[in-house]
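Right, one structure below, let's go through it.
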Amino acid sequence: RPPPPPPTNPDDGPDLGTYWGLGVLALAYVHHSTCGFALPALLPLVAPDLGLTDSQGAALTAGYTLLYAVALVPVGVLADRADRPRLLAAGAALWSMATLAASRAHSFGELLALRTAFAAAQATQNPVCFSLIPELFPRGRNTAMAAYNAAIYVGRALSFAAVIVAGKLGGTTPAGT
């Protein structure tokens, strides 16, 4: 039998597993923001293929943003009552499936329906993470939250990098990128 582990001292700081958890949450946020900003970034490339008007493109972006904002409060209530890691995992799975399905959309209606599901599923991310991270990092929570929140900007950058890659693969780029 191995000896029991030494008692943990809260002054020792988080262990490796706690940092791993923060990394997983941040990676989920990179995924969240990359998927969320990909369509607006790619609209100039995909709008002609889908026959989207400027108004429809704006509706896809504004509709997603509005529904996401409205869904945050009820999802926050759910996060107070449910198993938060499982809620986040379910949300990530659903928004991943909606993203995959959106890549096969052939019309404004299909894309709008998928963006609606996508926004509702993505609303799980922050209510869960904003409550878990302070629990994981009772000391240093501001640093942990800053590291987590940096992930949204990494995801945004990746979504705009997708425009360059898509343009190179498709032979055209919007606005000379």
Side-chain angles (χ1 to χ4, degrees), residues 21-76 78-79 84-130 132-133 145-177:
L22 178 62
V24 169
L25 295 176
L27 187 59
Y29 209 16
V30 168
H31 182 253
H32 171 282
S33 59
T34 302
C35 293
F37 289 100
L39 181 64
L42 292 168
L43 267 175
L45 293 173
V46 300
D49 290 341
L50 294 173
L52 299 177
T53 66
D54 288 345
S55 296
Q56 288 172 323
L60 289 170
T61 301
Y64 161 81
T65 304
L66 181 62
L67 181 59
Y68 178 79
V70 168
L72 283 170
V73 174
V75 171
L78 182 59
R84 290 171 297 172
R86 287 186 182 176
L87 178 61
L88 179 58
L94 289 172
W95 88 61
S96 296
M97 289 187 285
T99 300
L100 181 62
S103 73
R104 301 287 189 194
H106 296 290
S107 70
F108 170 73
E110 290 175 10
L111 207 47
L112 183 62
L114 289 164
R115 287 290 281 181
T116 300
F118 180 72
Q122 280 201 318
T124 60
Q125 178 78 32
N126 283 332
V128 169
C129 293
F130 287 172
L132 281 178
I133 292 170
M145 291 297 293
Y148 167 77
N149 280 308
I152 193 170
Y153 300 102
V154 173
R156 285 180 183 176
L158 289 173
S159 68
F160 291 112
V163 173
I164 296 168
V165 171
K168 299 293 182 198
L169 293 175
T172 60
T173 57
T177 55

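Being a predicted model, the structure only gives us computed values, none of them experimental. By convention here, the first residue in the shown sequence is residue 1.
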Can you tell me how far CG of L112 sits from CG of L52, rounded to the nearest 0.5 angstrom? 10.5 Å
Taking all non-hydrogen atoms of both residues into account, name the closest pair between P127 and G76 and its distance. CB-CA, 3.7 Å
Could you pull out the closest heavy-atom pair between H31 and S96, with the gap in Å? CE1-OG, 2.9 Å
Under the criterion side chain to side chain contact (heavy atoms under 4.5 Å, CB included), I'd like the reasoning laid out for L60 against F108: C-alpha separation, chi angles, the key distance, then a yes or no. CA-CA 8 Å; L60 289 170; F108 170 73; 3.8 Å; yes
To the nearest 0.5 angstrom, please state how far the OG1 atom of T99 sits from the CE atom of M97. 10.5 Å
Value for CG (L42) from CZ (F160), rounded to nearest 0.5 Å, stands at 9.5 Å
If I take atom CG from residue L25 and atom NE2 from residue H32, how far apart are they, to the nearest 0.5 angstrom? 12.5 Å
Given Y29 and C129, is the side chain to side chain contact (heavy atoms under 4.5 Å, CB included) satisfied, shown in steps? CA-CA 9 Å; Y29 209 16; C129 293; over 6 Å; no
Give me the atom names and distance for the closest heavy-atom approach of R115 to C35. NH1-O, 4.0 Å
Rounded to the nearest 0.5 Å, what separates atom CG in L87 from atom CD in Q125? 10.5 Å
For A58, does its backbone N or O pair with a side-chain atom of T61 as donor and acceptor, under 3.5 Å? no
Would you find a donor on one side and an acceptor on the other, under 3.5 Å apart, between the side chain of Q122 and the backbone of F118? no
Could you tell me whether Y153 atom OH has more than 12 heavy atoms of other residues or ligands within 6.0 Å of it? no
Side chain to side chain contact (heavy atoms under 4.5 Å, CB included), that's the test. Do L132 and L88 meet it? Break it down for me. CA-CA 11 Å; L132 281 178; L88 179 58; 5.6 Å; no
Between A120 and V75, which heavy-atom pair has the shortest distance, and what is it? O-CG2, 4.5 Å
Closest approach of S33 and R156, non-hydrogen atoms and distance? OG-N, 3.8 Å
Rounded distance (nearest 0.5 Å) linking atom CG of L39 with atom CG of L45: 11.0 Å
Can you name the nearest heavy-atom pair linking A28 to W95, along with the distance? O-CZ2, 3.8 Å
